[in-house]
**Student:** 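First the structure, then my questions, so here it is.
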Amino acid sequence: MNSVDKQQDQIRETTDLISAFKTGKRDAFDRLVLMYAPKLYRTAFGLLGSKQDAEEVVQDAFMRAYNALDNFRGDSSFETWMHRIAINLARNRFHWNRRRGEGKLTSLSESINDNGDELTVLLPDERSRPDTELEKTELEKNVMKGLMALPESLRETMVLRHVDDLAYETIAQQLECKVGTVKSRLARGRELLKKYIMSLEKTGKGSI
Amino acid sequence: MSIEQISGKCPGIESLNEVYDGECSDADIIEHAAHCPICREYIENLRKLDRELENAFDQNTPADIGERCLAKIHSNLTLKRKKVFPFSYHRLLLLTRSAAIVTILTFSAYLIWRSTALPNRTEEPQQMFVGKASPSAAVPAEIAPYGRVKVSDLASVSFLGKTDENLLAGQPEKYAAIPSSILQVWTSPLQTDASIVSGTLAKLLQGSGIPRANAVLSSNSNNVEIRFSATKKQCVAFVRSCKAAGYLLNSPGQPQPEQKKFLGSESEKVRYRAEFILHRN
């Protein structure tokens with residue numbers, strides 16, 4: 001069975017589960033959670049960079065979905081719908097964290113210099129968290145740091161493309177922007193990320 | 001290869017990204033990217049970045065994330081249910097409130113019906129009490145014909161608590177009362193509501209110094225039968241009060257009496273034998 005067939009099977013199963021849920025079989029929702037939680041978690045983690053925040057966002061997203069699933073009309077796929085909920089929640093969480101000062105140092109936009117083409121990023125010192133330090137390999141850590149250092153719009157586009165493997169058109173719908181914007185954001189985001197990783201490997205400092 | 005290196009024959013960065021993502025529909029660009037070493041290197045770098053990102057996410061995604069979310073969701077749903085219905089008392093409370101509202105509405109509807117339908121009612125006379133003491137027995141229907149009552153037919157004398165016959169014999173004008181005086185009050189047709197009649201009577205009786213009375217609203221007309229005990233003076237005052245309030249005391253017999261002739265003077269010692277009709281002037 002190829003990936004297209006698998007995808008079709010998943011869509012069919014999802015439709016059946018939603019129908020069962022609407023007829024009162026609430027247990028069907030459990031299966032939906034197990035099917036989609038990992039994907040949503042990866043998206044939320046990509047947008048927030050925190051395991052705990054990502055998990056809470058996924059839980060909130062499913063709680064909202066549970067309450068609203070009876071009114072789900074199927075205009076978009078369940079996966080798209082869930083993604084939209086999770087992205088919105090993650091955005092809210094991200095901005096809330098930033099207001100509290102947690103995300104201040106991860107913003108690239110604040111460190112753009114005058115001519116606008118050089119980016120220097122100061123990231124939170126994670127050496128105080130030895131458990132995470134041990135868990136991650138250096139490269140993975142650098143990739144995640146770089147991703148979190150990207151501006152929000154670029155990071156969202158990158159996550160939807162690389163993590164969720166969504167098509168340009170779908171990403172544009174999710175982020176409510178044009179396809180051309182998605183293309184330019186992806187190109188820009190990838191360039192910045194590569195630069196950041198190279199800079200980190202060479203100098204040990206996150207400079208793009 | 002970087003942004004700066006893309007030039008000349010090579011397609012732009014965005015186009016190469018499209019090629020890598022499988023979103024490019026331009027056959028020429030795809031063809032070029034497949035054979036150009038610079039573009040191939042760029043695309044290879046993209047692939048490498050993609051793998052690194054994928055690894056990073058795989059590494060950070062807990063294997064049991066689905067089960068953990070599920071447990072938390074079940075926990076939240078249970079809490080939510082408990083919050084909505086903390087006890088079964090909640091439903092009981094709702095039912096009680098609903099019952100109370102229905103009762104109040106029903107009672108209100110009954111009161112409205114009662115006030116509007118009173119003139120046409122045919123049920124038994126209702127008894128109402130004016131004053132402080134408890135009502136005595138209702139007036140028998142046969143002695144309460146339309147508009148008149150024979151005082152001599154009524155019950156025994158009441159002396160406002162003083163039953164000493166000697167006292168009565170000695171100063172009858174002071175203590176004598178119209179024996180179980182019953183007056184029939186003919187109210188105006190509009191004053192058919194029991195509470196209005198009761199209010200009017202209360203004023204007339206209190207103005208006459210009569211402390212208490214027992215009144216019955218007749219069902220077949222707008223009559224009110226009143227039983228009270230009073231001295232002659234109080235009774236005269238009551239008749240005057242009725243007249244002053246726009247009610248006239250008339251006798252159906254001969255001739256049209258003046259109230260003093262009718263009731264006699266205050267010093268008169270005789271007992272009365274009379275018929276009364278009190279009606280709106």
Side-chain angles (χ1 to χ4, degrees), chain A residues 26 29-31 33-43 45-46 49 51 54-56 58-63 65-67 117 132 135-137 139-147 158-159 161-163 165 167-169 179-180 182-191 193-195 197, chain B residues 1-6 10-26 29 33 38-39 41-81 83-84:
Chain A
R26 298 297 180 184
F29 193 75
D30 293 359
R31 177 72 189 136
V33 173
L34 293 173
M35 279 168 72
Y36 289 100
K39 273 188 179 179
L40 292 179
Y41 175 86
R42 286 158 70 97
T43 307
F45 180 68
K51 287 181 178 180
E55 196 168 331
E56 284 175 12
V58 175
Q59 286 160 3
D60 285 353
F62 276 116
M63 281 303 295
Y66 184 91
N67 293 325
D117 57 4
T132 53
E135 281 173 14
K136 296 174 182 175
T137 65
L139 184 61
E140 285 157 3
K141 202 168 64 178
N142 290 346
V143 168
M144 287 311 297
K145 275 184 181 178
L147 191 63
M158 290 279 285
V159 167
R161 177 63 211 168
H162 285 273
V163 179
D165 202 24
Y168 285 7
E169 184 72 35
V179 175
V182 173
K183 289 177 189 174
S184 60
R185 282 182 185 174
L186 268 178
R188 178 93 177 134
R190 283 163 172 165
E191 281 301 309
L193 188 55
K194 277 193 288 184
K195 256 188 172 181
I197 294 168
Chain B
M1 181 179 174
S2 66
I3 295 173
E4 292 78 20
Q5 290 172 299
I6 297 290
C10 293
I13 287 280
E14 285 182 19
S15 299
L16 289 178
N17 274 277
E18 280 182 65
V19 171
Y20 172 70
D21 291 325
E23 298 266 355
C24 183
S25 54
D26 190 328
I29 295 175
I38 301 171
C39 293
E41 186 193 341
Y42 181 83
I43 289 174
E44 188 53 43
N45 283 338
L46 285 181
R47 189 169 286 115
K48 192 180 162 193
L49 181 70
D50 204 359
R51 270 199 304 269
E52 285 167 1
L53 275 167
E54 198 172 331
N55 288 338
F57 278 97
D58 284 346
Q59 195 68 33
N60 284 294
T61 304
D64 61 343
I65 183 66
E67 287 78 7
R68 280 159 63 171
C69 284
L70 206 54
K72 187 74 179 173
I73 288 163
H74 282 175
S75 166
N76 284 348
L77 287 174
T78 310
L79 280 175
K80 199 178 169 189
R81 281 192 205 105
K83 201 175 174 184
V84 173

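Note that the structure is predicted; figures quoted are calculated from it, not measured. Chain A is the first sequence line, chain B the second, and so forth, proteins listed ahead of strands; every chain is numbered from 1.
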**Student:** Against chain B, label A/Met158 side chain, backbone, both or neither, depending on which of its atoms sit under 4.5 Å from a heavy atom there.
**Tutor:** side chain
**Student:** Given the options A/Ala37, A/Ser184, A/Ala167, which has more heavy-atom pairs under 4.5 Å with chain B than any of the others?
**Tutor:**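 Greatest number of close heavy-atom pairs with chain B: A/Ser184.
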**Student:** So, using ring-ring contact (aromatic ring centres under 6.0 Å, His included) as the criterion, who are the partners of A/Tyr36 when residues are at least two apart?
**Tutor:**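 Here the qualifying residues are A/Phe78.
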**Student:** Checking heavy atoms, do the side chain of B/Glu23, its backbone, both or neither come under 4.5 Å from chain A?
**Tutor:** side chain
**Student:** Answer with side chain, backbone, both or neither: which region of A/Leu40 has an atom nearer than 4.5 Å to a non-hydrogen atom of chain B?
**Tutor:**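 Looking at A/Leu40, nothing touches chain B.
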**Student:** Below 4.5 Å, heavy atoms only, C-beta onward: do B/Phe57 and A/Leu147 meet side chain to side chain?
**Tutor:** yes
**Student:** Is A/Tyr41 close to chain B through its backbone or its side chain, or both, or neither, when contacts mean heavy atoms under 4.5 Å?
**Tutor:** side chain
**Student:** Quick check on the interface: out of B/Leu70, B/Ile73, B/Asp21, who has the most heavy-atom pairs with chain A under 4.5 Å?
**Tutor:** B/Asp21
**Student:** Just jot down the side chain to side chain donor-acceptor pair (under 3.5 Å) partners of A/Glu55, sequence neighbours excluded, or say none.
**Tutor:**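 With sequence neighbours excluded, A/Glu55 shows a side chain to side chain donor-acceptor pair (under 3.5 Å) to B/Arg68, given in chain and number order.
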**Student:** Should the pair B/Lys72 and A/Tyr66 be classed as cation-pi, given the thresholds of under 6.0 Å to the six-membered ring centre and 45° from the axis?
**Tutor:** no
**Student:** With no hydrogens and no angle check, is any side-chain donor or acceptor of B/Asn17 less than 3.5 Å from a backbone partner on B/Ile13?
**Tutor:**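 It does hold such a pair.
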